[in-house]
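As structure tokens, the structure follows; a few thoughts come after it.
In each ligand, atom 1 is the first atom listed, and ligand 1 is the first ligand listed.
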Amino acid sequence: MQIVRFSGPEGIAYGTAESDGIRVAQGSPLVEWEQDTDTVVGYDEVDLLSPVLPSKVVAVGKNYVAHAEEFGSSVPETPILFLKPATSVVGSGAPVVHPPDTADLQHEGELAVVIGKLARHVSAEDASRFILGYTVGNDVTARDLQRSDGQWARAKGFDTFCPLGPSINTEFDPLEPMRLTASVDGEVKQEATTADLVFGVAELVAFASRVMTLLPGDVILTGTPAGVSTVRPGQLMEVEIEGIGTLANPVIAGRQST
Ligand code: MG
């Protein structure tokens with residue numbers, strides 16, 4: 001099942017993506033919902049939104065060997081966690097705003113885990129019971145600010161720096177080697193499979209839930225493969241994961257500070 005959240009003729013709702021359109025659900029898959037309705041709206045009648053509004057986005061650094069190496073680093077012994085604010089989340093199609101504060105805005109295509117149930121001190125063996133499904137993420141980063149600040153809250157925390165979507169696949173198997181690509185204006189920059197993750201999804205859910213309670217709708221960004229590159233206003237970032245879909249976001253110029 002592919003779950004989408006959208007703004008349509010009747011307002012904002014959840015639904016399931018079907019070949020002839022979106023079957024509109026009542027309620028939310030994070031609480032309680034009724035999927036089996038008769039209402040179907042066309043894809044051209046809606047704007048897709050981020051499939052969830054997380055209370056927090058827990059992101060993982062250096063979780064692909066080749067990406068750690070491109071920064072002259074190695075993979076850490078335990079996952080490196082950082083947070084992106086809820087206010088950085090946007091959906092597929094929404095613009096990512098290039099702030100004037102950075103001269104090096106970069107894409108990071110990532111597999112995103114959507115938590116479905118409150119998770120605290122969960123074991124890796126039990127982790128799948130707490131996962132609603134998987135979507136596509138782009139951990140947009142101001143690389144120069146990440147280096148100069150020494151910590152990452154500003155570099156990764158601007159509004160619009162966390163595109164998520166287009167849908168949540170509830171049957172996606174993260175242990176299968178599914179192709180992940182990130183491209184800029186159609187040119188592939190990052191390419192890997194989800195099986196290349198150093199710390200796997202179950203291990204990441206267990207690790208993060210020992211630190212902070214994960215709430216329904218929270219998202220874990222699992223890290224990015226090698227090939228991150230600089231984007232400029234006017235360019236289009238696309239992250240695609242086989243079996244989930246394509247997350248597409250244009251880059252636009254932000255306002256100059258006064
Ligand atoms: Mg990242």
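For the side-chain contact (heavy atoms from CB on, under 4.5 Å) test, residues two or more places apart in sequence or in another chain that qualify with Lys56 are Val58, Leu83, Met212, Leu214, Leu215, Asp218. For Ala153, the side-chain contact (heavy atoms from CB on, under 4.5 Å) partners are Gln151, not counting sequence neighbours. Shown here are the ring-ring contact (aromatic ring centres under 6.0 Å, His included) partners of Tyr43, two or more places apart in sequence or in another chain: there are none.
Between the CD atom in Glu10 and the CD atom in Glu45 there is a gap of 10.0 Å [rounded to 0.5 Å].
Under 2.8 Å from the Mg ion (ligand 1), one finds the following protein N/O/S atoms: Glu108 OE1, Glu110 OE2, Asp139 OD2.
At least one donor-acceptor pair under 3.5 Å links the side chain of Thr160 to the backbone N or O of Val97.
Using modelled atom types and a 3.5 Å distance limit, the side chains of Asp47 and Ser7 yield no donor-acceptor pair.
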